[in-house]
Amino acid sequence: MPKLLNLLLAVEHGMKKPVWDCTMCGQCVLHSTGMTCPMTCPKTLRNGPCGGVREDGHCEVKPEMRCVWVKAYDRKVSLPLPTVWKEHYNDLRPPVDMQLKGTSSWVNLITKRDQQTPAGWAKRKEQSGSH
Amino acid sequence: MSKLRDLLTQTKDVVYTAEFPVIDGGGMEQVKKNVDRLAPWFVAVNATDNTAAHAHASNVSVAIAMKQHGLEPIMQIVCRDKNRLAVQADMAGANLHGIENIALLTGDDVTAGDEPETRRVFDLDGPQAINVASILNAGTYLSGRKLNPAPNFFICSVENPFAPPHDYRIERALKKHRAGAQMIQLQIGYHPDRLEKFCAGVAATVPGLAIIPSVVLIKSAKPLSFMNDKVPGISVPQEVIDRVAQYNRFPPR
Ligand code: SF4
């Protein structure tokens with residue numbers, strides 16, 4: 001089993017690194033963010049753009065780069081992505097689980113490990129039902 | 001008891017808030033001077049958290065000092081410098097001292113400050129931090145561990161309707177509201193059309209949500225040019241700068 005896991009990890013990283021500059025956070029949300037990785041935002045924001053986006057749509061921190069969330073929003077609006085993916089765009093994404101760093105998000109998806117959140121977060125989600 | 005909450009949720013009054021000057025020198029004397037100057041005019045005043053990525057007397061300490069001198073604080077917590085443990089500790093500390101208004105912000109980047117070599121944290125983002133405040137209001141920490149007595153925070157947040165992507169700013173404000181924010185202060189902006197669209201968009205979904213835009217007093221056109229050139233997220237149209245510049249001299253040309 002560990003051999004298979006390592007293989008999956010290598011394949012996932014090999015595919016995602018060149019295209020999305022994947023950092024292997026282990027809890028991939030690409031599908032819900034217009035196929036733009038929020039972990040490439042210098043502030044690693046998972047719930048939308050900060051207030052510092054420049055007038056030309058470039059990043060507060062790296063003026064030479066387009067804001068990740070400007071890109072994500074454009075793509076969400078214009079790309080023919082599945083409707084369910086687009087519906088998840090405004091989800092409140094939970095804080096990153098640092099324990100998953102360097103693991104395969106594919107494996108974590110299958111085992112549902114990537115959906116585990118701290119007890120307080122999970123309870124609020126149940127109560128508010130909205131995200 | 002939060003006067004701010006009462007006025008915003010139970011009346012239709014226009015409510016004025018302000019930002020407390022940062023405290024670096026002058027000690028408690030200075031705090032008192034600021035309170036005396038601001039208290040007659042404002043319902044509640046923001047106690048900032050290392051504003052513009054510069055270190056100052058801490059958010060919690062200034063909020064406590066303001067309260068002791070009789071001015072209601074809106075205690076900001078910024079995600080840039082604190083991981084989720086520290087954010088929750090600020091909240092629990094505020095609760096301990098009876099501070100009810102808290103505002104959760106993502107925050108400027110460290111590159112905006114005078115110590116750009118520091119590590120940026122952003123363990124949480126603004127909407128997540130708002131949700132964490134809601135979790136504490138329900139009587140537990142993020143982990144589920146009990147916090148007793150539970151806080152009764154009036155949760156505030158900040159949005160910038162003037163920065164791209166403009167349409168998305170409405171959705172983001174609504175997300176913050178779903179996470180628990182009951183009031184949104186807006187960043188400085190010089191595009192009334194964007195402001196109007198934003199307010200209408202938010203009101204269309206959540207009619208009662210309080211929105212407080214910012215007003216900045218300037219003595220000349222210079223700070224406008226400065227903000228436009230140097231502060232990410234703020235754009236000032238040239239015609240506004242020119243209009244103000246006419247009045248740099250009195251009488252105007
Ligand atoms: S401008 Fe965009 S990419 Fe840059 S820090 Fe802010 S949200 Fe992230």
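This one's a predicted model, so the numbers in the text were calculated from it and none came from an experiment. Naming convention: chains lettered A, B, ... in sequence-line order (proteins, then strands); numbering from 1 in each chain.
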**Study point:** For D125(B) against R46(A), the heavy-atom pair lying closest together
**Key:** OD2-N, 3.1 Å
Review point. Chain A heavy atoms under 4.5 Å from D167(B): which part of the residue, side chain, backbone, both or neither?
Key: both
Point to revise | Sub-4.5 Å side-chain heavy-atom contact between P94(A) and Q128(B) | key: no
Point to revise | Y168(B) vs V77(A) side-chain heavy atoms within contact, under 4.5 Å | key: no
**Study point:** Heavy-atom side-chain proximity of R120(B) to V61(A) below 4.5 angstrom
**Key:** yes
**Study point:** Toward chain A, the part of S143(B) with a non-hydrogen atom under 4.5 Å
**Key:** backbone
Practice item. Work out which heavy atom in G120(A) is nearest to a heavy atom in T140(B); give both atom names and the distance. Key: CA-OG1, 4.1 Å
Check your understanding: Quick check: does any side chain N or O of E60(A) sit under 3.5 Å from a backbone N or O of D109(B), one acting as donor and the other as acceptor?
Key -> yes
Study note, to complete from the structure: Heavy atoms of T106(B) and K43(A) approach each other most closely as CG2-CD, 4.3 Å
Practice item. State the CZ-CG distance between R93(A) and N131(B), to the nearest 0.5 angstrom. Key: 13.5 Å
**Study point:** 4.5 Å side-chain heavy-atom contact, I135(B) and K123(A)
**Key:** no
Exercise for review: Could you look at R169(B) and say if it's the side chain, the backbone, both or neither that has a heavy atom under 4.5 Å from chain A?
Suggested key: side chain
Check your understanding: Under 3.5 Å, is there a donor-acceptor pair between the side chain of R172(B) and the main chain of N47(A)?
Key -> yes
Review point. Got more than 12 heavy atoms from elsewhere within 6.0 Å of CD, E117(B)?
Key: yes
Revision key, fill the gap. Looking only at P161(B), A163(B), A112(B), A129(B), the option with the highest number of non-hydrogen pairs under 4.5 Å against chain A is A163(B)
**Study point:** Which of C79(B), G144(B), P232(B), G126(B) touches chain A most, by non-hydrogen pairs under 4.5 Å
**Key:** P232(B)
Study note, to complete from the structure: Given P42(A), C59(A), A119(A), the one with more heavy-atom pairs under 4.5 angstrom with chain B than any other is A119(A)
Check your understanding: How close do E171(B) and Y73(A) get, heavy atom to heavy atom, and via which atoms?
Key -> OE2-OH, 3.4 Å
Practice item. Evaluate the side-chain proximity of R178(B) to L92(A): yes if any heavy-atom separation is below 4.5 Å, no if none is. Key: no
Exercise for review: Locate the shortest heavy-atom distance separating R124(A) from G180(B); write the atom from each residue and the value.
Suggested key: NH2-N, 3.7 Å
Check your understanding: Who wins among P49(A), P63(A), G52(A), C67(A) for the most heavy-atom pairs under 4.5 Å with chain B?
Key -> P49(A)
Study note, to complete from the structure: Residue from P127(B), P164(B), G107(B) scoring the most non-hydrogen pairs under 4.5 Å with chain A is P164(B)
Exercise for review: Would you indicate whether K101(A), at its atom NZ, is surrounded by more than 12 heavy atoms from other residues, nucleotides or ligands within a distance under 6.0 Å?
Suggested key: yes
Check your understanding: Do other residues, nucleotides or ligands put more than 12 heavy atoms under 6.0 Å from M65(A) CE?
Key -> yes
Review point. Considering all heavy atoms of both residues, which atom of L142(B) and which atom of P118(A) are nearest to each other, and what is their separation?
Key: O-CB, 3.2 Å
Point to revise | Which portion of R84(B) sits near chain A, non-hydrogen atoms under 4.5 angstrom | key: side chain
Point to revise | salt bridge (charged side-chain N to carboxylate O under 4.0 Å, His left out) between R194(B) and E55(A), worked out | key: CA-CA 13 Å; R194(B) 294 177 192 172; E55(A) 186 66 5; 2.8 Å; yes
